[in-house]
Amino acid sequence: MGSRTVGRGGRLLGGGLLLAAAGCLAGALTACGAGGDHDAATPTASGSGAGSSAAVAARGATIGAPDSACRLPVTFALAKNWKPESTVPGSTGSTGSTGFTGSSGSSATPDDDLAAEIADALLHQGPVTAVCEVDAKPAGHIGFLRVWTGEPGGADARSVLASFVGAEKGTGHATYRAFTTGGLSGTEVEYRVTSEILEDTKTERALAVTTPDGPVVVHLGGLDDEEHRAMLPAYELAKSTLRVTAR
């Protein structure tokens, strides 16, 4: 297994076998969190909303353009020292859609093939598929900013985001807010995720926008609430600089 492994809810986790095993078990055994979804009383705009009290991180690279690490329907700025990597098969620096190395070719074993098949399935969450992950470890944090994309269609950002959150086990207490940035209108959500086996509940955030090339979801997790809060400035930077990729 390579340095990137599959964890809870189909998310790719940096680290070794122990972290991967804990993540996979959490995905299989988490119980649904309490609390229903709801919308904020007043829609927010121009980068305000969930996490609006967080500062914006110092700007580093920009991803999304054809010559960037991840080609996306949108572009946005990354926090300084955060490292992007495509999860699309055949992309430069990608280990493939499964997040596994050594699981293809003549040397692959049946166990490798099964693991790759499971991992590939886990990369799909609701209506979207993971296409890029941005590692916070080079900046001193434990977590990722991940980008998911879907096929063009009639679904609005709110419904795409609700389906994304609903496809993850253990979620609850979701609060949705509207936002606008760079000519884009979208929806963001703050929610809690409960892992029964790890006896842990933590906060996660995601936003969704629709583009001519389909919906885009940008998700921020983190090892725990402390790490999540520390990474919020990177999320706010991404949201405030979000633009449709020039054709």
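Excluded from the calculations below are hydrogen atoms, water molecules and symmetry mates; all remaining heavy atoms, backbone and side chain alike, are included.
- For Asp213, the side-chain hydrogen bond (donor to acceptor under 3.5 Å, both in side chains) test picks out Arg247, with sequence neighbours left out.
- Remark: Asp225 pairs with Arg192, Lys202, Thr203, Arg229 by the side-chain contact (heavy atoms from CB on, under 4.5 Å) rule, at least two apart or across chains.
- For residues 129-172, every residue pair satisfying the disulfide bond (SG atoms under 2.5 Å apart) rule, not counting sequence neighbours, is listed here: Cys70-Cys132.
- Pairs of residues two or more places apart, or lying in two chains, never qualify as disulfide bond (SG atoms under 2.5 Å apart) while including a residue from residues 143-247.
- A search for side-chain contact (heavy atoms from CB on, under 4.5 Å) contacts involving Ala139 returns Asn81, Trp82, His141, not counting sequence neighbours.
- Residues passing the side-chain hydrogen bond (donor to acceptor under 3.5 Å, both in side chains) test with Thr201 are Thr194, sequence neighbours excluded.
- Ring geometry, Trp148 versus Phe164: the interplanar angle exceeds 60°, so the pair is classed perpendicular (tilted spans 30 to 60°).
- Considering only residues two or more places apart in sequence or on other chains, Pro152 meets the side-chain contact (heavy atoms from CB on, under 4.5 Å) condition with none of them.
- With sequence neighbours left out, Ser159 forms a side-chain hydrogen bond (donor to acceptor under 3.5 Å, both in side chains) with Asp156.
- Annotation: side-chain hydrogen bond (donor to acceptor under 3.5 Å, both in side chains) contacts of Thr211 (sequence neighbours excluded): none.
- Every residue two or more places apart in sequence or in another chain that forms a side-chain contact (heavy atoms from CB on, under 4.5 Å) with Ser185 is listed here: Thr180.
- Taking the ring centre of Phe76 as origin, the terminal cationic atom of Lys239 falls outside the region bounded by 6.0 Å and 45° from the ring axis.
- Sorted by first and then second residue, the salt bridge (charged side-chain N to carboxylate O under 4.0 Å, His left out) pairs with a member in residues 57-81 form an empty list; sequence neighbours excluded.
- Counting only residues at least two apart or on different chains, the salt bridge (charged side-chain N to carboxylate O under 4.0 Å, His left out) pairs with a member in residues 157-167 are Asp39-Arg158.
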